[in-house]
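Excluded from the calculations below are hydrogen atoms, water molecules and symmetry mates; all remaining heavy atoms, backbone and side chain alike, are included.
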Amino acid sequence: MPATRREYFMPPPFAEQVTNRESAAVEHSSLLSPDRPSWVVTTLSAVTGGGALWLAIAAVMARRPGPPRLAARDGAVAVVLATATAHVIGRLVRRRRPPAAELPAYQALVHKPTSSSFPSAHTAVAAAFTTAVIARHRRWGTAMTPLALGVAYSRIRTRAHWPTDVTAGAVCGVLIGVAIHKSLRP
């Protein structure tokens with residue numbers, strides 16, 4: 001039987017130390033119970049995959065002329081760039097996902113990811129969209145912020161990602177959102 005790509009994964013010692021520390025922190029966290037999360041958390045994690053929800057929100061925003069339409073454009077471009085960037089980084093920096101296959105928190109996921117854990121593409125897209133929108137239209141962007149934060153939390157809570165994966169996704173997304181805002185003219 002041929003070896004899968006994951007069998008060749010050999011993390012550097014530093015990465016293994018980070019993973020071990022995160023594992024201990026997650027195990028002892030009262031906010032990250034291994035029990036099944038609420039339906040809100042699992043639904044949020046499911047509907048934000050692939051960027052479809054963000055693009056649907058952009059479509060609603062684009063129906064209004066002026067700043068909301070520009071914010072929708074920026075947000076849509078941010079979704080595409082964040083998705084591509086997160087997947088390229090994931091191919092370069094392969095990291096195992098948390099060992100949670102038996103936990104109810106992970107079993108509640110509709111889609112059980114198998115790609116590299118680093119960075120969280122869900123979080124990168126949420127942060128990129130929200131940052132790009134808030135930079136162009138503060139009211140719409142502020143309304144998206146709790147949703148983006150919920151996405152980040154859902155990825156850790158369901159054990160789909162390590163906290164550093166989500167942090168890296170958020171940083172990547174914010175940087176992309178800012179770059180979009182600075183490079184696209186109104």
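- Remark: His181 pairs with Asp74, Ala135, Arg136 by the side-chain contact (heavy atoms from CB on, under 4.5 Å) rule, at least two apart or across chains.
- In the hydrophobic clustering of this structure, Val88 groups with Val93; members are Ile, Leu, Val, Met, Phe, Trp, Tyr whose side-chain heavy atoms approach within less than 4.5 Å, directly or through other members.
- Here the CZ atom belonging to Arg63 is positioned 10.0 Å from the CZ atom belonging to Arg69, to the nearest 0.5 angstrom.
- Annotation: the span from Phe118 atom CZ to Leu92 atom CG amounts to 11.0 Å, rounded to 0.5 Å.
- Annotation for Gly169 and Pro119: closest pair N-CB, 3.8 Å, computed over non-hydrogen atoms.
- Atoms OG and CD1, from Ser183 and Ile176 in turn, are 11.0 Å apart once rounded to the nearest 0.5 Å.
- Note that the OG1 atom of Thr167 and the CD1 atom of Ile156 stand 6.0 Å from one another [nearest 0.5 Å].
- Looking at Val125 and Thr48, their side chains never come closer than 4.5 Å, going by heavy atoms from C-beta outward.
- From His87, atom NE2 reaches atom OG1 of Thr85 across 10.0 Å, with rounding to the nearest 0.5 Å.
- With sequence neighbours left out, Leu147 forms a side-chain contact (heavy atoms from CB on, under 4.5 Å) with Leu44, Leu53, Trp54, Ile57.
- Hydrophobic clustering of Ile, Leu, Val, Met, Phe, Trp and Tyr side chains at less than 4.5 Å, counting indirect connections, unites Val151 with Met144.
- Phe129 and Val174 fall into different hydrophobic clusters, where Ile, Leu, Val, Met, Phe, Trp and Tyr are joined by side-chain heavy atoms under 4.5 Å apart, directly or via other members.
- A search for side-chain contact (heavy atoms from CB on, under 4.5 Å) contacts involving Arg64 returns Pro68, Trp140, not counting sequence neighbours.
- Contact of the Met61 side chain with the Val133 side chain is registered, since non-hydrogen atoms from C-beta on lie closer than 4.5 Å.
- When all heavy atoms of Ile89 and Cys172 are compared, the pair lying nearest together is CD1-SG, 4.4 Å.
- Counting heavy atoms from C-beta on, the side chains of Ser120 and Val166 come closer than 4.5 Å.
- Of all heavy-atom pairs spanning Arg96 and Trp162, the tightest one is O-NE1, 3.1 Å.
- One finds the CZ atom of Arg73 at 9.0 Å from the CD1 atom of Ile180 (value rounded to the nearest 0.5 Å).
- Between Ile134 and Thr145, the closest side-chain pair of non-hydrogen atoms falls below 4.5 Å.
- Of all heavy-atom pairs between Ala124 and Ala82, the closest is O-CB, 3.7 Å.
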Can His137 and Leu70 be said to form a side-chain contact (heavy atoms from CB on, under 4.5 Å), step by step?
CA-CA 8 Å; His137 195 281; Leu70 292 173; over 6 Å; no
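- Both Val60 and Val79 belong to a common hydrophobic cluster when Ile, Leu, Val, Met, Phe, Trp and Tyr are linked at side-chain heavy-atom distances under 4.5 angstrom.
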